[in-house]
Protein chains: 2
Amino acid sequence: MSKTKSQNTIKALEIMEGNRPDTATRILDVAERLFVEHGFEATSLRMITQQAEVNLAAVNYHFGSKDALFESVFLRRLAPLLEGCLAELDTLEARQGDLPLEQLVLSFIRPCLALSKDPSRGGAMFVRLLSRTLVENHRLLRETISQQYSVFVQRYTSAFQRALPHLEPEQLAWRMHLAFSVMFNAFAGNDVLKIFTRSQIVTARDPDMIVKYLVPFVIAGLVAPIEG
Amino acid sequence: MSKTKSQNTIKALEIMEGNRPDTATRILDVAERLFVEHGFEATSLRMITQQAEVNLAAVNYHFGSKDALFESVFLRRLAPLLEGCLAELDTLEARQGDLPLEQLVLSFIRPCLALSKDPSRGGAMFVRLLSRTLVENHRLLRETISQQYSVFVQRYTSAFQRALPHLEPEQLAWRMHLAFSVMFNAFAGNDVLKIFTRSQIVTARDPDMIVKYLVPFVIAGLVAPIEG
DNA sequence: GTCTATAGACCGATAGAC
DNA sequence: GTCTATCGGTCTATAGAC
């Protein structure tokens, strides 16, 4: 009897609060935002559980540790994103063989753009999380991720080689490095200049605007004449 | 008497250890490296004082607080670097009036390169610190720095306007944003792709190599044709 | 200026009741 | 699954001897 009453109470709360997600999901959502805002070290389990309105012990019950929670937060977004990029590559290459450079760049940008515009997947949150995690040099990136997703870079390197066949391997590696660096930081909203200025032009972070200015810049950099 | 003996002992130690810098400098040097490696939050005063071989209380004696120490670490490098860039601009503009784009880009890159190659100023350490601080959205950058150094961006914006007179203000703001983003992350050694691959080509971080591939990429992006 | 000792607060993790 | 209570550890900052 008391069990039934308890379940009814919970269901009433869910309806009241608009289908409140389960505890694990609530923790993931809040942790994602706090890890982005404050970083891994500066985000305490107490901050997470208070804002998620769950008990402190729930994190360790559902995820085992703070490190494991971080891994769950991270992989929840990374895996679908990279699979989306590779699916784009598959579709485009099946249709037309080797890709021209712009199609190749767009096959990466389109899934990033779709993610950035989808609030149900946290919007631009994950790109910013990746940015922080990269700079913080988290153990997860050095150990777990690099092995699981190396196929991603291999596929893109191979496609870029065919799109830019005149570039030597070292040239190509550097240009891909610079190109992905600028794409990635554009989506993450990392703006060095905003430190020093209050300009509102670039800070809007509208994803469509990013793409409008980003794509020509990246393409031009990739096809730049080789210095002699 | 005991004072003289104590001073002699210190002097002997200095000679033995090769002119050991004073306590404040030792703290600054170690803190700079640890803030880069572990971030502000994850770096404790205990880590700093132990590696600097000074007493724990020395930080609060010399700098007042952990926040104030961070500010000292940061401004010790930023102020001379930005002054170096503006001095380059002054010299070049005095010699030849409005600068062609490549000279303009180099007026920023040369001081960065000089800093990166100078171990006595911490080498590339400061660019990496700036990168972390930017991503960590530290209060210092939002409040103190942005006011003091806004003249830096104003000078460069004005010079870029004259070098690229056909660009509308919004176009120019975005291209400067993307250009400084890629230059800055190249010097900081931030490489998204290295997460997924073990390629050693780009990870060398040789500053001259960076410039060799960076400058053509940035120039090409800045002068890219405008999309119709 | 340098040091010891410690205050006062917060941390991640867990045992155990329900 | 959820909760309380708590352990053992860390942190920054400071008081006060020398």
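We name chains A, B, ... by the order of the sequence lines, and we start the count at 1 in each one.
At distances below 3.5 Å, at least one donor-acceptor pair connects side-chain atoms of Arg77(A) with backbone N or O atoms of Arg121(A). When atom types are taken as modelled, the side chain of Arg128(B) and the backbone of Val36(B) share no donor-acceptor pair closer than 3.5 angstrom.
No side-chain heavy atom of Asp191(A) sits under 4.5 Å from any side-chain heavy atom of Asn185(A). For the pair Leu172(B) and Arg175(B), the minimum side-chain heavy-atom distance is 4.5 Å or more. In this structure, Lys66(A) and Val59(A) have side chains that are not in contact, with every pair of non-hydrogen atoms separated by 4.5 Å or more.
Take Arg155(A) and apply the salt bridge (Lys or Arg N to Asp or Glu O under 4.0 Å) test, not counting sequence neighbours, and it matches Asp90(A), Glu93(A).
Nearest nucleotide to the side chain of Ser44(A), out of dT14(D), dC3(D), dC11(C): dC11(C).
At its two ends the helix from dG1(C)-dC18(D) to dC18(C)-dG1(D) runs along axes set 0° apart, each axis drawn from five pairs and the angle rounded to 10°.
Here the C1' atom of nucleotide dA5(C) and the CG atom of Leu45(B) are 17 Å apart, to the nearest Å. We find that CZ of Arg26(B) is positioned 16 Å from P of dG1(C), with the value rounded to whole Å. At whole-Å resolution of the value, CG in Asn55(B) and P in dA17(D) are 16 Å apart. As a whole-Å value, the separation of Leu56(A) CG from dC7(D) C1' is 13 Å. In this structure, Gln50(A) atom CD and dC3(D) atom P are separated by 13 Å, rounded to whole Å. Computed from coordinates, the Phe40(A) CZ to dC11(C) P distance equals 13 Å when rounded to whole Å. Remark: C1' of dC3(C) and CD of Glu53(B) are 16 Å apart, rounded to the nearest angstrom. Atom pair Met47(B):CE and dG9(D):P shows a separation of 19 Å (rounding to whole Å applied).
When every heavy atom of Arg139(A) is checked against every heavy atom of Asp67(A), the shortest pair comes out as NH2-OD1, 3.7 Å. Taking each heavy atom of Thr43(A) and Gly39(A) in turn, the nearest pair found is OG1-O, 2.6 Å. Taking each heavy atom of Leu92(A) and Arg110(A) in turn, the nearest pair found is CD1-NH2, 3.9 Å.
DNA chain D lies under 4.0 Å from at least one heavy atom of each of the following residues of residues 61-77 of chain A: Tyr61(A), His62(A).
Between Ala58(A) and Arg46(A), the one whose closest nucleotide on DNA chain D sits nearer the 5' end is Ala58(A).
Residue Thr23(B) places no side-chain N or O under 4.0 Å from the OP1 or OP2 atom of dG1(C).
Thr43(B) comes within contact range of the sugar-phosphate backbone alone, with a heavy-atom separation under 4.0 Å but no base atom that close.
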